Amino acid sequence: MRVRVGKRGTIVIPKNVREKLGIREGAVLELSVEGDRIILKTRDLWSVLRERGRGLRVDLEEAERD
């Protein structure tokens with residue numbers, strides 16, 4: 001698949017790809033460069049929060065007392 005680079009470096013992600021990956025207007029994508037490749041990754045807020053919360057220990061009884 002090929003896309004054209006427009007003014008200000010913009011590219012358009014084809015509709016079928018956006019739908020397949022659940023990319024909507026306002027979505028934030030993670031961009032990285034590996035050699036001569038540009039990698040875009042979708043990351044939804046819940047995935048980020050779950051990743052950050054991994055390993056946290058919460059005492060629910062203590063939290064309810066505060």
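Every value quoted in this text rests on a predicted model; they were computed, and no experiment measured them.
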| request: Using the test side-chain contact (heavy atoms from CB on, under 4.5 Å), find all partners of K15 that sit at least two apart in sequence or belong to another chain. | output: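 In terms of side-chain contact (heavy atoms from CB on, under 4.5 Å), with neighbours along the sequence ignored, K15 is linked to R18, E19.
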
| request: Output all residues satisfying side-chain contact (heavy atoms from CB on, under 4.5 Å) with V17, sequence neighbours left out; order by chain, then residue number. | output: M1, I13, P14, L21

| task | Identify whether V33 and L29 are in the same connected component of the hydrophobic contact network (ILVMFWY, side-chain heavy atoms under 4.5 Å). | result | yes

| said: Same cluster or not: V28 versus I11, using hydrophobic residues (I, L, V, M, F, W, Y) connected whenever any side-chain heavy atoms lie under 4.5 Å apart? | reply: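 Shared cluster, no.
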
| task | Any pair with a residue in residues 2-14 that passes side-chain hydrogen bond (donor to acceptor under 3.5 Å, both in side chains), sequence neighbours left out, goes on the list, sorted by first then second residue, please. | result |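 Residue pairs passing side-chain hydrogen bond (donor to acceptor under 3.5 Å, both in side chains), neighbours aside: none found.
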
| said: L31 vs I39, test: side chain to side chain contact (heavy atoms under 4.5 Å, CB included). Steps then yes/no. | reply: CA-CA 6 Å; L31 183 142; I39 311 296; over 6 Å; no

